[in-house]
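First the structure, in the form of structure tokens, and then the observations on it.
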2 protein chains.
Amino acid sequence: MSKQMTEMLKGILEGIVLAVLATRPAYGYDVTARLREQGFTDLVEGTVYALLIRIEQRGFVDVEKVPSEKGPPRKVYTLNALGREQLDEFWRTWSFLSEHIGQLRTELTEGDN
Amino acid sequence: MSKQMTEMLKGILEGIVLAVLATRPAYGYDVTARLREQGFTDLVEGTVYALLIRIEQRGFVDVEKVPSEKGPPRKVYTLNALGREQLDEFWRTWSFLSEHIGQLRTELTEGDN
DNA sequence: TACCGGTACTTGGTCTTACTATCTACTGGT
DNA sequence: ACCAGTAGATAGTAAGACCAAGTACCGGTA
């Protein structure tokens with residue numbers, strides 16, 4: 001993972017995971033796998049697990065332990081109402097940034113590119 | 001500043017400042033003012049100064065002290081070649097994130113909105 | 001039985017970054 | 001002498017992603 005990407009993911013990864021959970025409930029190993037498919041190939045499992053614990057403690061998800069045929073039981077996370085609110089808030093903040101940064105970029109490329 | 005925004009700015013603010021400097025050289029007070037006009041109203045000066053010192057130490061900018069009519073001399077920062085490279089890198093990482101997050105959002109809104 | 005690889009989750013410590021709060025320093029106006 | 005505005009610096013805190021290593025469970029193989 002480039003340092004650039006690592007730093008940029010701070011404060012964004014949480015929203016990404018909430019978005020992933022919004023499509024359907026998932027457990028940690030699954031979330032990591034889906035993100036890696038999505039292009040975040042270097043994402044480390046430890047990061048995802050820590051993040052999931054965090055959003056659980058904040059009450060954004062409901063958790064259910066489901067036995068697995070292979071390995072220890074899975075902790076399946078389901079986005080709840082509070083989590084959906086948080087996801088909305090994430091999209092609002094993201095939209096703001098996205099627009100303003102896009103604007104900056106436009107000014108630049110129109111100015112001297 | 002919302003906590004959400006604060007966390008999301010980590011790793012992005014540096015790129016934003018580089019982009020601002022790419023439009024034209026500026027000193028800290030000026031950068032802060034321009035960002036506040038741009039919509040980042042709650043951005044604190046201390047953050048910008050610290051960031052400018054950081055990018056100076058990394059060699060992304062050239063610095064020139066210019067006497068001011070009001071107050072102490074200004075430290076005018078000019079983006080140099082290394083800084084422009086870093087800015088390009090920032091845009092690449094930003095584009096990646098922007099695309100993938102946009103994709104996630106589309107999947108969501110098409111699925112259940 | 002004993003070992004190994006894949007699945008699944010946990011934890012302790014480090015680094016980076018933005019914030020808060022406070023401080024210095026210089027100028028012009030009252 | 002004092003104050004507001006300009007301009008910059010800094011110590012300490014909190015948050016988040018990383019790395020590294022570990023635990024636990026299962027099926028297959030020798």
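Order of the sequence lines fixes the chain letters, A, B, ..., with proteins taken first and strands second; residue numbering starts at 1 for each chain.
Heavy-atom distances under 4.0 Å link DNA chain C to no residue of residues 90-101 of chain A. Residues of residues 26-42 of chain B having a heavy atom closer than 4.0 Å to DNA chain C: none are found. Residues from residues 50-73 of chain B that place a heavy atom under 4.0 Å from any atom of DNA chain C, listed by number: B:L51, B:R54, B:R58, B:E69, B:G71, B:P72. The stretch residues 2-12 of chain A comes close to DNA chain D through A:T6, A:L9, A:K10, A:G11, each having a heavy atom under 4.0 Å from the strand.
Contacts of B:Q4 classified as side chain to side chain contact (heavy atoms under 4.5 Å, CB included), with partners at least two apart in sequence or in another chain: A:Q86, A:E89, A:F90, A:T93, B:S2, B:M8.
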Would you list the atom pairs, donor with acceptor, under 3.5 Å between side chains in residues 57-69 of chain A and any protein atom, with sequence neighbours excluded?
residue, atom, partner, partner atom, Å
A:R58, NH1, A:E14, OE1, 3.0
A:D62, OD1, A:N80, ND2, 3.3
A:S68, OG, A:K70, N, 3.1
A:S68, OG, A:K70, O, 2.6

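Annotation: side chain of A:W91 is not in contact with side chain of A:F96 (no heavy-atom distance under 4.5 Å).
Atom NZ of B:K75 and atom P of C:dA25 are 16 Å apart (whole Å). As rounded to whole Å, 8 Å separates atom P of C:dA8 from atom OH of A:Y49. Going from atom CZ of A:R74 over to atom C1' of D:dC25 covers 12 Å, rounded to whole Å.
The line from CG of A:L13 to CG of B:L97 is 9.5 Å long, rounded to the nearest 0.5 Å. Here B:L21 contributes atom CG and B:Y77 contributes atom OH; the two are 9.5 Å apart, rounded to the nearest 0.5 Å.
Considering every non-hydrogen atom in both B:A19 and B:L87, the closest pair reads N-CD1, 3.8 Å. For the pair A:P25 and A:V76, the tightest heavy-atom approach, listed with the atom from each and the gap, is CB-CG1, 4.0 Å. Smallest separation of non-hydrogen atoms from B:V17 and B:L51: CG2-CD1, 4.2 Å. Of all heavy-atom pairs between B:L79 and B:A22, the closest is CD2-CB, 3.7 Å.
Toward the 5′ end of DNA chain D lies the nearest nucleotide of B:G46, the other residue of the pair B:G46 and A:L13 mapping further downstream.
Among the protein residues, A:V44 comes within range of the sugar-phosphate backbone only, with heavy atoms under 4.0 Å from sugar or phosphate atoms but none that close to a base.
Remark: B:R34 engages B:D30 in a salt bridge, criterion side-chain N to carboxylate O under 4.0 Å.
When atom types are taken as modelled, the side chain of B:H100 and the backbone of A:G39 share no donor-acceptor pair closer than 3.5 angstrom. For A:R36 (side chain) and A:D42 (main-chain N/O), no donor-acceptor pair under 3.5 Å exists by modelled atom type.
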Please test A:Y27 against A:Y49 for ring-ring contact (aromatic ring centres under 6.0 Å, His included), starting from the C-alpha separation and ending with a verdict. CA-CA 9 Å; A:Y27 54 98; A:Y49 285 117; 9.3 Å; no
